[in-house]
2 protein chains.
Amino acid sequence: MAKKPATIQDIARKLNITASTVSRALNDHPKISRHTKDAVWQAAREMNYQTNTMAANLRKGKANTVGMIVPRINRHFFSNVITGVESVLNPAGYNLMICQSEEKLQKEIENIKTMIANRVSGILISLSVETRNTRHLQRIIANQIPLVMFDRVDPKLQVSQVVNDDEAGAYDLTLHLLEQGFRKIMWMGGPRISSIYRNRYNGYRKALESYQLSPDAMPCFEGPATLVSALDYMRDFFQKGNRPDAVFATSDYMAMGTLQACQEAGLSVPDDIAVAGYSNEPFAALISPKLTTVEQFSEEIGRATARLLLDQLMSESDETISRKISIKPKLIIRETSLKRKK
Amino acid sequence: MAKKPATIQDIARKLNITASTVSRALNDHPKISRHTKDAVWQAAREMNYQTNTMAANLRKGKANTVGMIVPRINRHFFSNVITGVESVLNPAGYNLMICQSEEKLQKEIENIKTMIANRVSGILISLSVETRNTRHLQRIIANQIPLVMFDRVDPKLQVSQVVNDDEAGAYDLTLHLLEQGFRKIMWMGGPRISSIYRNRYNGYRKALESYQLSPDAMPCFEGPATLVSALDYMRDFFQKGNRPDAVFATSDYMAMGTLQACQEAGLSVPDDIAVAGYSNEPFAALISPKLTTVEQFSEEIGRATARLLLDQLMSESDETISRKISIKPKLIIRETSLKRKK
DNA sequence: GTGAAAGCGCTAACAG
DNA sequence: CTGTTAGCGCTTTCAC
C-alpha cells in the first residue's frame, strides 16, 4: 500500500505542538525557539517529510514559477536561451515551466492556458512561425501576468521584448560580402512573416542599397529554414545554369544545404561562390571550409529576457514596464566568404 | 490594481447555483444539464475564468505531472529524448516538469526534492557524470513514486531502465574498423565510471578480443567527452610521434577534436588514420570527410522511457514493475573510416 | 514563543 | 440533475 506522505500535522502530533508552529519552524521563522526548530527538523527528517508545494502555493496564492514557451526545445538556439533564463531565474528563487509550441498556434494557445491555470508569476514567449496575430496574448495581459517576448516577437505589442538585432547582423554580413567584391548576392531566407527573417531581410536590403544595389535585382528564395529545403531549391537552381556570386542564407542549416548543392554542382566554395549563414550553429566551425556566420549570443538573450521579467516581478507599481532590448550580434568571418587573393 | 482571478464561486454566485455544480459543469460531468453547462461555460468565458490547477491538484492529491531530470537540456541527445517523452506523455494527459542537474550530484538531489515536493506522478532520470551512488534515489522509491532511469543508469537498481545498447554499438563499430583492416585502434573515451562509457568500452574490448587483440595493447585516452579535451590530448600525442591506425572516440565531439588534431598534424583522414565517433550529432554528416558514427535513436529512447512510466502509472497493483529495455543503435558508416582501395 | 482558527479554490461522497 | 458538507495541506492573522 502506498503510504501517504507525512504532513505538518503528523509532525505536530508527534511532537505535541501545533501545525502552525511546525510550519513556522520549517520556514525558519525568527520567533521559534532553537529547541523547537531542532526537534521539528529532526522529526521531519525521520518521517521523510516533504513540503506539499501545491498546498503551500495555493495558500500563498502564487507559485514562484515562470512559464516559458518556445517553438522547439531541441533547437540549439532555444535550448541555450533556456539555459540563460535558468541561470538568472533559479538564483532568484523561481522555477521554470517549459512548454513547446511545436511551431503551432493552437499549441501556443493551449500552453498559455496551462500556464495561466498554474498561476505562473510571469510568462516568457517566442512566437511560433504560424502565429500571425497576438490576440491570444491578450489573455495573459488581461490576467495581469508579466510578459516578456524574446526572439520572435510582435514589435507592435506594448510589452518587454528582447531580440537579436537581426537587421544589424544581416547588414554587417551583407556588407562584408560586398566588401569582398561580391555583387550578385542571393537571398535565401525563412518566411518573412516572422519578425526575425523580416528584419534580416531589411539589413540585407540596406547594405545593398548603400552600394546602390537593389534586392530586386538579386536572386531570391524564401522557404522553410531547413537544410533540405535549401538543398532542393539550389540543386534545381544550379541545374538551370544560375550562378550567384554569393549566397546569404538566414540560417546555418540553409547555408549547409546550399554548400551541399554547390558540391554536387561541382562549384568550389569560396572560389566559385561564397556562402554565409546565420546563428553560428556548433557545426559551422567544424565543417570545411568553415562557415561564415553570425553569432547571436543566445544565452545572453535568455539572461536579458529573465532580467526584464524579474524587473517587473520586483516592481511595486502596477504600471507595466515595457522595455525593449536588442542584443547586438557578431559577424564571424570564416572561410566560406573570403575571396582568395588571385 | 491586480484584480483577483475569477473562481468557481464567483461563477456560482452570478448564476445562482452552487460551486459544485459549476465544478461539475466545467469538467463536463454527464449528469449536468445542457442548459446549465452552457450557462456556466458562457459565464466562465465572460469572466475570463481559468481553473486554479494548484487547488484542483491539491484536492485530487495528484498533479498529473511527471518530473524529468537531465544533465543538460542543451545537448542534442537529451533535448531529443525530451521530445520523445513529451510525444507520449502529453497525449496521455501528463505534463512534463524538466530540471537540469548540470552534471552535478548536488543539483540532482535538489531537483529530486523539488519534484517530490510537487507530488509528481513519476520521475524520469538520467544520472549526472558526478553521480557515483544512487542513495538519493531511495527517497523517490521510499515515497512510492514510479521511477524510470534512462541512458545513464545504475544497472544494479531494481527499477525500469531504458538504455542504448552501448556495448553492441561499440562492438559493431570496432568490428567495422577491424574489418577495414585497422589493427591499432585507439580508445578515446569519456569517464568509465559512467555506465555508457563503461559499456562502450566493453563492446570495444570484445570486438578486439574476437580478433585475438587486447585493449591493453592499444593506445588509450580517458577524459571529458569534449572537443577540446580530445584536441589537446591528440595534439600532444601526435607530436610525440604516435600513430594509431584508427581512433574510436566515444562521442562525436571527441572525434571532432581528433580530426582537427589530425589536420594540424598533416595527417589525412581516412588515408593516414581512421576516425569514428558516437551519437550521430547533426554535424557528423555535414563535415568533410563525413564522420562514421553510431545513431542512438534518442527520440525512441524518450518514447520507450515514457511508455515504461505509463505502464507503472496505469498498473493497479502496487508491485513495482521493473523492466529493462535496450534500444539497439545503428552503425552509420561514412567516409572517415573507409580504407580506400589502393 | 506558541496556539487557535480561518481559508486559499477546488472536488467528491452523500443526500435528495 | 443539483445542493450540502467536508477537507486536501499549508500559511497567517490574531490572540495570549
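The sequence lines fix the lettering, A, B, ..., with proteins before strands; numbering per chain opens at 1.
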Exercise: do A:T21 and A:T18 side chains pair donor with acceptor under 3.5 Å: yes
Integer-rounded Å distance: D:dG9 C1' and B:K62 NZ: 18 Å
Interatomic distance, B:R13 CZ vs C:dG9 P [rounded to whole Å]: 10 Å
Within residues 39-56 of chain B, residues whose heavy atoms come under 4.0 Å of DNA chain D: none
Whole-Å gap separating C1' (D:dG3) and CD1 (B:I11): 17 Å
Rounded distance in Å - CG (A:N57) to C1' (C:dC8): 11 Å
Residues A:T53 and A:T51: side-chain donor-acceptor under 3.5 angstrom: no
Distance (rounded to the nearest 0.5 Å) between B:S121 OG and B:M115 CE: 12.0 Å
Members of residues 17-36 of chain A that approach DNA chain C, where some heavy atom sits under 4.0 Å away: A:I17, A:T18, A:S20, A:T21, A:R24, A:K31, A:I32, A:S33, A:T36
Test item: side-chain donor near acceptor, B:T131 and B:S128, under 3.5 Å: yes
Interatomic distance, A:N16 CG vs C:dT2 P [rounded to whole Å]: 13 Å
Within 6.0 angstrom of B:K62 NZ, more than 12 heavy atoms from elsewhere: no
Pairs touching residues 89-104 of chain A that satisfy side-chain hydrogen bond (donor to acceptor under 3.5 Å, both in side chains), sequence neighbours left out: A:Q100-B:E86, A:E103-A:R152
Distance-only donor-acceptor check, side chains B:Q50 and A:R139, under 3.5 Å: yes
Note, B:M68 side chain near B:S126 side chain (heavy atom, < 4.5 Å): no
Gap between atoms CD1 and P, on B:I116 and D:dG9 respectively (whole Å): 16 Å
Shortest non-hydrogen separation from B:D151 to B:V163 and the atoms involved: O-CG1, 3.8 Å
Separation of C:dA12 C1' from B:L58 CG (nearest whole Å): 14 Å
Atom-to-atom span, CD1 of B:I8 to C1' of C:dA12 - whole angstrom: 12 Å
